[in-house]
Amino acid sequence: MLTITNLEATIDEQAILKQVNLSINPGEIHAIMGPNGSGKSTLSKVLTGHPDYDVTAGSIVLNGQDVLAMDPDERANAGMFLAFQYPVEIPGVNNESFIRMAYNAQRKYRGLSEVDAFDFAQIIADKLKWVEMDDEFLTRSVNQGFSGGEKKRNEILQMAVLEPQLVILDEIDSGLDVDALRIVSGAVNRLKDADRSFLIITHYQRLLNYITPDVVHIMADGKIIKSGDAQLALQVEERGYDWLLSPSLNGLKA
Amino acid sequence: MSDRRSDWAGLIHQASVAMTQPPNVSEEWKYCDIAMWAPFIQSNQSDLPKFMADPSVAISVLEMGDSPFDSELFRWDDFCDTPSALAALSTIKRWSLVTGNGAVQVALAENAMNGVGCFVQVKPGQTLNVSVDLRGSNSSAVCVCQVEQGATLTIDEIRGDDGVTQSSVWAVLQHETSRLHFAAIDFPSHSLVRSIVVRQVGNEASTQISNLIMGANQSRNYSHSRVEHIAESGRSTQLIKTLLTDESLSDFKGTVVVAPRAQLTDSVQSNQNMILSDSARALSRPQLSIFADNVKCAHGATMSQLDPDTIFYLQSRGLSSAEARSTLMSGFADEIIDQLSSKSFRSIARDRVLEYFLRLKS
């Protein structure tokens, strides 16, 4: 589904990603862990086309399409979704109207007719239950006045409605209490199927107690330095990152 | 005496006509000597408060000194601190009373043309919705309001049109636990001036002022607000937004005053300017004068174009760049339009905003 090859990216001429290689097959859940500043969030922004970042080398291919040649909205319409670490607040833009606009933009891209407000209300009502949100969240402006946990649940609500092919979760667990973490991960698991893939960026193994990854990658200094199965996340939880960052001292090879 | 007053009237009328001409550069924001207007502050209507009905009272209030905290009465210079406001007031020779429970449309402009100011009185516990449509022609309107204990006054004002010059003066006195919701939309015009002064004299009063200012071509908009917290536990929220394109100008000055006994005041004032062309200009002067120590007051102004991170967020959901920009601008305006209680005013405002954005795209 997604193939990243020798990806390099900079911001303000400072290299952040340095030769990133990653391949995700349909139905797989990949997790990326790593210390602060390792480039995890940058990878999510570069994948979705944030204009602050310049890709200086490499390629990103999603279902055979050259992602780097696409605008951010084209990437979204091609099936890519990023749940933001810090979702923005948009005063004056009604939450339900916004999600419906996004839903219809993607339908339009696929040559489908737009859904009116009445029909959409039924679609979103079902997905609201996934994230245990009240109707009141739909009547408010996008994320305005939402708590940190509510913003994250609103991201997951959008994911549930849009049903993207590739879901990127950027530290979706940060700032969540145990109950919210259960709700968010429950919605992710509910959306999981054989055709949909997930890339989960996280600092902590605790999220992976709820969502079991097929592959865990460790990222440091703009590169993926080690990949393994779910056991790797447990090792990181137990031992930290030092043993991975100084492999020669530990007799390990990434 | 009557001949003398007649002479005064002629002079004042000439002066006011001269003063309502659109200013070339900037409104001069300063206190004016208004003692000369005192003979016109009078009325025979018994329902009017004594400061409006009896010129000698008004004069005595004027002479009380510099402190605004000595009296619950307005001093006229509290809301006459701009030449245009002063000029508008100078044309008022008598007052009409608006009172009751429910909703009413007030023809402020027509009244003002006949030298009639509007006095709105909301009696204890009552709720009054006042709609004012000042679109269409040159006008200078004056409205003084008294919101009594536990009462709620909602004011919707839409105004402005191509080529017109308008000024409006609002003065609102709020008593204990009263509520004021003031929402206004200013359409692109030649020149618009608004002076709104709110004084909370009773505890736990609440004030909300929302204003959307749209500028285009060479339009000029001068907006002045002054909210005075005189009593305890008052709340006030002011949100003044501008959309400015071409060579338009917005000049906002907002002052929040917290008197020494107005402890536990909670006040927020925000002026958000969205500049949509290289030649548009916004001047912003939010000010606080705080004389109490246990209060929460915030104020600020922003000058910006559309936030790139927010555009990216919308694009990451599938909206094109143009759709994202349009959505953000509409949202920016809608936050104020939604504050209008009148459904027809909201509809008019949305149509004009859409028209404004379509013009931007073309």
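Naming: A, B, ... by sequence-line order, numbering from 1 per chain. The figures that follow rest on heavy atoms only: side chains count, while hydrogens, waters and symmetry mates do not.
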Practice prompt. Give a yes-or-no answer on whether the side chains of B:Q315 and B:S321 include a donor-acceptor pair shorter than 3.5 Å.
Written response: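 Distance-only check fails for B:Q315 and B:S321.
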Check ion pair [X]-[Y] (N to O, under 4.0 angstrom):
X      : Y      : result
B:R352 : B:E355 : yes
A:R140 : A:E136 : yes
A:R100 : A:E114 : no

Fill in: Beyond-backbone contact of A:L17 with A:Y53, side-chain heavy atoms, under 4.5 angstrom
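Not touching, per the 4.5 Å side-chain cut-off.
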Worksheet item: Would a 4.5 Å heavy-atom cut-off, applied to side chains only, mark A:I24 and A:L199 as touching?
Response: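 Answer yes - side chains close enough.
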With respect to chain B, which residue among [options] yields the maximal number of heavy-atom pairs within a distance under 4.5 Å?
options                     : answer
A:Y109, A:Y103, A:F98       : A:F98
A:P72, A:S141, A:G49, A:S97 : A:P72
A:H50, A:Q106, A:E74        : A:H50
A:P91, A:P51, A:A105        : A:P91

Item to complete: For B:V258 and B:V295, work out which heavy atoms get closest and say how close.
Response: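 Looking at all heavy atoms of both residues, the closest pair is CG1-CG1, 3.8 Å.
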Fill in: A:Q144, part contacting chain B, at a heavy-atom distance under 4.5 Å
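Answer is side chain: those atoms of A:Q144 sit under 4.5 Å from chain B.
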Worksheet entry | Which portion of A:P87 sits near chain B, non-hydrogen atoms under 4.5 angstrom |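 Backbone plus side chain of A:P87, per the 4.5 Å heavy-atom cut-off to chain B.
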Discussion item. Could you check whether atom CG of A:D119 has more than 12 heavy atoms from other residues, nucleotides or ligands sitting under 6.0 Å from it?
Written reply: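 Enclosed.
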Discussion item. Check whether B:Y222 forms a cation-pi arrangement with B:R220 (NZ or CZ under 6.0 Å from the six-membered ring centre, at most 45° off the ring normal).
Written reply: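 Checked: cation-pi criterion not met.
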Item to complete: For chain A, find which of B:I337, B:D309, B:D307, B:D338 contributes the most heavy-atom pairs closer than 4.5 angstrom.
Response: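 Option with the greatest count: B:D309.
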Worksheet entry | Sorted by number, residues from residues 328-336 of chain B in contact with chain A (heavy atoms, under 4.5 Å) |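 Near chain A, by residue number: B:L328, B:G331, B:F332, B:D334, B:E335.
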